[in-house]
Amino acid sequence: MSGDWISVRLADKRLVAEDVAALLLEPADGTALPPFAAGAHVDVELPGGLVRQYSLCNAPGDPGRYELGVLLDRQGRGGSRAVHEQLAVGQAIRIGRPRNLFPLVPAEHSVLLAGGIGITPILAMAEQLAADGAGFELHYFVRSPERAAFVDRLAAPRFGDRCRLHVGDRIPPSFDAPALFDAPRAGHHLYVCGPNAFMDAVLDGARAGGWPDDRLHSERFAAAALPAGDDRPFEIEVEGSGAIVAVAPGQSAAEALAAAGICIPLSCEQGICGTCLTTVVGGVPDHRDSYLSDAERAANDCFTPCCSRAATPRLVIQL
Ligand code: FES
């Protein structure tokens, strides 16, 4: 292992559902992989210079290996195609250290909702909660039985009858949404991961039923469709440095800052991971991310320079 990257070997790769490949990664040099908590993801370096983020789906206490699940997205930006079509068992690849932007919080009961490939972080959460003897239920939504991944693990005795599969579009009738959404109980937390339309349906339903935002936890794999803003030019002042950087239409704030020698850490570059989150001390951001909550956006004290812009002529940031 060197620096922030970890060298691993693809020890196994197999289809676990239609268009879903499970990857088993083991350390290339025989040393232990860093521990991770449920909900964590890693950056994966792929052929063609691509870097993509994938959630770890094995049990957090499982030493010596990481497991990922990757859905083939034929219309995507190429990362999943590289995984499915180019990565071969035995191949050496590099990954980043686990990062967790979707952690479990201590709760009396956790409600885990996964849509499609959103099962990956949710499965790690179920493993953690089962190992801890904590209360939880898991609902897994898929369009067809063939698209249900990791069903053998979900049927394992350690989960008892706490994992339910729901087959159909969006939120099918087998899921008693009113029973869950309309009766939020104190001490219950809800976690959701999956396609944006599914997540929006779950979060809207839960909020309408009275779930407070601080007990709703979500992670998106793709940026939510936002109304196209008009890309007006603006300036970024870096507090205390004297630097004022012009951001042109069609250029991201992060790109403009990098061109001026000011590098912000980036990962997803779509406003979903929060890696680039930067403190704002002046001006008003034009938030275009899917990472911040409504309350965090309203505070206007941070923004994601990979995709967000400014609603005022200048933003003052703190690095
Ligand atoms: S790099 Fe992921 S939110 Fe900006």
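Each ligand, and each atom within it, is numbered from 1 in the order the structure gives.
For ligand 1 and Gly271, the ligand atoms under 4.0 Å from any heavy atom of the residue are 3 (S). Atoms of ligand 1 found under 4.0 Å from any heavy atom of Ile272 (numbered from 1 in listed order, with element): 3 (S).
Paired with His189 under the rule side chain to side chain donor-acceptor pair (under 3.5 Å), one option of His109, His217, Arg215 passes, and it is His217.
In this structure, His166 and Phe141 have parallel ring planes: the angle between them is below the 30° cut-off, well short of the 60° mark.
The cationic group of Arg153 lies under 6.0 Å from the six-membered ring centre of Phe150 and within 45° of the ring axis, placing it in a cation-pi geometry.
Residue contacts with ligand 1, taken as heavy atom pairs separated by less than 4.0 Å, do not involve Leu277 at all. Contacts of Glu269 with ligand 1, taken as heavy-atom pairs under 4.0 Å, involve the backbone alone.
For a distance bound of 2.8 Å, the N, O or S atoms of Cys273 include one lying that close to atom 2 (Fe) of ligand 1. Because the distance cut-off is set at 2.8 Å, Cys307 fails to qualify as a neighbour of atom 4 (Fe) of ligand 1, as none of its N, O or S atoms comes that close.
Note on ligand 1: Asp289 sits outside its first shell, no heavy atom being nearer than 4.0 Å.
The environment of Arg143 atom CZ is sparse: at most 12 non-hydrogen atoms of other residues, nucleotides or ligands sit within 6.0 angstrom.
With hydrogens left out, the protein atom closest to atom 3 (S) of ligand 1 is Gly274 N, 3.2 Å, a heavy atom.
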- Message: Let's go through His287 and Glu296 carefully: what are the C-alpha distance in whole Å and the side-chain angles of both, what is the deciding distance for side chain to side chain donor-acceptor pair (under 3.5 Å) to 0.1 Å, and is it a yes or a no?
- Response: CA-CA 10 Å; His287 296 289; Glu296 289 167 333; over 6 Å; no
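A distance-only check finds a donor-acceptor pair linking the side chain of Thr278 to the backbone of Cys276 [under 3.5 Å].
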